[in-house]
Amino acid sequence: MKQKVSRKKMDEILVSDKFFNRGSVMLKVRQGILTIVGWTIVVSTFCWLLIPGIFYEKTLKFFLLFFTIVILVITISFLLLTIWNNHRYKNVLKKKIVINKNRIEKNNEALEQYYDHRFGKKDFRKNVQFYIVSAEKNIANNDITEIFNKRGE
């Protein structure tokens, strides 16, 4: 039987992107406009290069041959890289252990001990409604990294 997972739990598990969240219309509009501007710049540079070729048949043939070769190389590269990536995903990444669960469990235990020492037992932390952390108990930028380094990770 499949376990049902709440949306809140999924948000903790998965990485989210603001672009795909509801209500981020301005972000979508801004990125859409930037994409259109970027592609306009790319296309306009090619058109700018082709303008002299319109007047000279030899130059036009050269540019058409050049762009045809470039499009073919990009298409073949794209297809080969996609096939290679799919092969690696199916045959290597699915069979290889990417996440070391033992290390993650040990890291979580070390963090839990650190939090217990710093902020009190887990039951207290979960049940308290209001808590003021004194300045000396704040977590510094490198404290968690140091905890993992002490363990030899």
Side-chain angles (χ1 to χ4, degrees), residues 1-50 63 65-153:
M1 188 164 125
K2 288 186 178 179
Q3 273 187 325
K4 291 188 178 182
V5 180
S6 68
R7 183 162 185 83
K8 189 174 183 178
K9 185 73 172 171
M10 266 311 193
D11 286 343
E12 291 173 6
I13 295 170
L14 301 174
V15 176
S16 62
D17 188 354
K18 290 180 182 179
F19 184 86
F20 297 105
N21 290 346
R22 292 181 183 168
S24 57
V25 176
M26 288 307 295
L27 178 65
K28 292 175 185 177
V29 168
R30 187 181 73 213
Q31 288 189 356
I33 290 171
L34 288 173
T35 303
I36 291 170
V37 167
W39 278 110
T40 304
I41 291 170
V42 169
V43 170
S44 65
T45 55
F46 286 120
C47 292
W48 179 66
L49 288 172
L50 286 174
F63 279 125
L65 178 66
F66 174 74
F67 288 126
T68 304
I69 292 171
V70 167
I71 288 172
L72 284 173
V73 167
I74 289 172
T75 304
I76 291 170
S77 299
F78 170 76
L79 290 173
L80 289 175
L81 289 172
T82 302
I83 291 168
W84 180 59
N85 192 40
N86 290 342
H87 172 73
R88 279 189 45 83
Y89 178 74
K90 289 178 187 172
N91 296 322
V92 176
L93 295 178
K94 278 193 171 182
K95 295 176 183 174
K96 182 180 177 184
I97 297 175
V98 180
I99 297 173
N100 187 344
K101 292 183 181 182
N102 293 333
R103 189 183 77 206
I104 291 174
E105 288 177 12
K106 288 178 183 177
N107 287 347
N108 287 340
E109 289 173 10
L111 284 177
E112 195 61 40
Q113 289 173 358
Y114 176 74
Y115 295 151
D116 286 348
H117 173 72
R118 197 86 169 213
F119 306 113
K121 295 288 180 192
K122 188 173 189 173
D123 294 335
F124 171 74
R125 293 193 316 262
K126 295 286 182 177
N127 294 324
V128 72
Q129 291 182 359
F130 184 76
Y131 181 73
I132 297 175
V133 178
S134 60
E136 60 272 357
K137 286 191 176 182
N138 282 336
I139 299 174
N141 291 339
N142 58 351
D143 281 352
I144 294 175
T145 307
E146 287 176 6
I147 290 170
F148 294 154
N149 288 341
K150 283 179 187 175
R151 290 188 43 252
E153 294 291 322

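Just the heavy atoms: all of them, side chains too, but no hydrogens, waters or symmetry mates, feed the values below.
- One finds the CZ atom of Phe148 at 13.0 Å from the NZ atom of Lys106 (value rounded to the nearest 0.5 Å).
- Applying the side chain to side chain contact (heavy atoms under 4.5 Å, CB included) criterion to Ile76, with sequence neighbours excluded, gives Leu80.
- For Lys121, the side chain to side chain contact (heavy atoms under 4.5 Å, CB included) criterion is met by Asp116, not counting sequence neighbours.
- With sequence neighbours excluded, the residues that form a side chain to side chain contact (heavy atoms under 4.5 Å, CB included) with Val70 are Phe66, Ile74.
- Here side-chain hydrogen bond (donor to acceptor under 3.5 Å, both in side chains) pairs that include residues 76-89, with residues two or more places apart or in two chains, are His87-Asn91.
- In this structure, Gln113 has no side-chain hydrogen bond (donor to acceptor under 3.5 Å, both in side chains) partners at least two apart in sequence or on a different chain.
- Note that the CD1 atom of Ile147 and the OH atom of Tyr115 stand 7.5 Å from one another [nearest 0.5 Å].
- Counting only residues at least two apart or in different chains, salt bridge (Lys or Arg N to Asp or Glu O under 4.0 Å) contacts with residues 139-149 comprise Arg118-Asp143.
- By the side chain to side chain contact (heavy atoms under 4.5 Å, CB included) test, Ser24 is found to be paired with Leu27, Lys28, residues two or more places apart in sequence or in another chain being considered.
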Can you list, pair by pair, the side-chain donor-acceptor contacts under 3.5 Å of residues 32-42, counting residues two or more places apart and other chains?
| residue | atom | partner | partner atom | Å |
| --- | --- | --- | --- | --- |
| Thr35 | OG1 | Gln31 | O | 2.7 |
| Thr40 | OG1 | Ile36 | O | 2.6 |

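- Between atom OH of residue Tyr114 and atom CD1 of residue Ile144 there is a gap of 7.0 Å, rounded to the nearest 0.5 Å.
- Put simply, CG on Leu72 and OG1 on Thr68 are 7.0 Å apart, with the number rounded to the nearest 0.5 Å.
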